[in-house]
Amino acid sequence: MQIKDIPAMWVLAVRRRLRIPDIAPATAELCPLIERQIEEAGMEAAGPWLFISRGLPGDASTAFDWEICRPVVRPQDYRGAVALGRLPPVTVASREHEGALSTLFSEGYAPLIREVEASGRALSGESREVYHAWNGPEAATNRVEIQFCLRR
């Protein structure tokens, strides 16, 4: 587990209330939309894809608040169809997971939760997935950084 301070960042983002099985179809729909907005606005991406979950449940049937974000260099003037917003700075407990998506929770989330609990730190209820390398849901070469936002 690493403790990191993540600076504020500008993002193009779409929020949804969904269940864990709904993430893949939402991603397939929204990634191209956000990429198109970046291109049409002449913007520049400023980091990897970021998924933010608030109140992530421990099961696949409970809905939660989810947000797909692409960090961008803030443009002078933006009037696109996707919301431009600023994520505040946060302190996170972080762990990188390498492997298939099917092992993200058992080999990524679960060990990090145990480490955070053992450290005595308090979670804010917000978690993030930062997609440093994505090669498909079954690829062993995916690199996803899991971040749990900590209470200040």
Side-chain angles (χ1 to χ4, degrees), residues 1-35 37-38 43-74 82-152:
M1 172 177 77
Q2 293 182 342
I3 303 299
K4 295 181 175 182
D5 290 318
I6 307 298
M9 66 182 86
W10 288 100
V11 295
L12 285 186
V14 176
R15 291 182 182 183
R16 294 263 170 98
R17 183 139 181 98
L18 46 66
R19 301 168 307 123
I20 290 172
D22 303 326
I23 294 173
T27 300
E29 171 196 349
L30 298 171
C31 282
L33 171 67
I34 292 170
E35 287 295 337
Q37 289 297 299
I38 290 171
M43 296 170 74
E44 181 182 340
W49 287 98
L50 173 67
F51 296 176
I52 300 175
S53 299
R54 292 175 182 90
L56 185 66
D59 63 72
S61 60
T62 302
F64 64 99
D65 294 320
W66 178 81
E67 189 172 6
I68 183 171
C69 305
R70 181 67 177 208
V72 294
V73 175
R74 184 176 188 216
V82 174
L84 173 68
R86 187 149 172 89
L87 297 178
V90 292
T91 301
V92 301
S94 171
R95 170 186 261 270
E96 195 167 286
H97 172 71
E98 189 165 335
L101 194 58
S102 61
T103 61
L104 184 64
F105 285 95
S106 61
E107 296 177 13
Y109 274 81
L112 183 55
I113 288 171
R114 286 192 298 272
E115 289 174 303
V116 171
E117 288 174 348
S119 76
R121 295 179 181 268
L123 300 175
S124 73
E126 178 179 306
S127 61
R128 298 177 175 193
E129 295 174 6
V130 182
Y131 285 80
H132 295 288
W134 179 254
N135 299 299
E138 300 306 319
T141 55
N142 293 325
R143 282 189 313 106
V144 180
E145 181 181 349
I146 301 162
Q147 299 176 342
F148 287 130
C149 298
L150 302 173
R151 287 199 181 143
R152 295 188 179 243

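Heavy atoms only, all atoms of each residue included: Ile38 and Ala45 are closest at CG2-N, 4.4 Å. The heavy-atom pair separating Glu115 from Met1 by the smallest distance is OE2-N, 3.3 Å. Here the closest non-hydrogen pair linking Arg17 and Ala63 is NH2-O, 3.3 Å.
Counting heavy atoms from C-beta on, the side chains of Tyr109 and Glu129 come closer than 4.5 Å. At a threshold of 4.5 Å between non-hydrogen side-chain atoms, the residues Trp66 and Asp22 do not count as touching. Put simply, the side chain of Leu84 reaches to within 4.5 Å of the side chain of Val72, judged on heavy atoms. The closest side-chain heavy-atom distance from Leu123 to Leu150 is below 4.5 Å. Looking at Leu101 and Trp134, their side chains come closer than 4.5 Å, going by heavy atoms from C-beta outward. The shortest side-chain heavy-atom distance between Asn142 and Leu104 does not fall under the 4.5 Å cut-off.
Rounding to the nearest 0.5 Å places CZ of Arg15 at 5.0 Å from CZ of Arg54. In this structure, the separation between CG on Asp59 and CD1 on Ile20 is 7.0 Å, given to the nearest 0.5 Å. Between the CZ atom in Phe64 and the CG atom in Leu18 there is a gap of 5.0 Å [rounded to 0.5 Å].
A side chain to side chain contact (heavy atoms under 4.5 Å, CB included) with Val73 is found for exactly one of Met9, Glu44, Met43, namely Glu44.
For CZ of Arg121, the number of neighbouring non-hydrogen atoms (other residues, nucleotides, ligands) closer than 6.0 Å is 12 at most.
In summary, Glu126 and Arg128 engage in a salt bridge, as defined by a charged side-chain N under 4.0 Å from a carboxylate O. Between Arg143 and Glu98, no side-chain nitrogen of the basic residue sits less than 4.0 Å from a carboxylate oxygen of the acidic one, so the salt-bridge criterion is not met.
Ring orientation note: the planes of Phe51 and Tyr131 are tilted relative to one another, at an angle of 30° to 60°.
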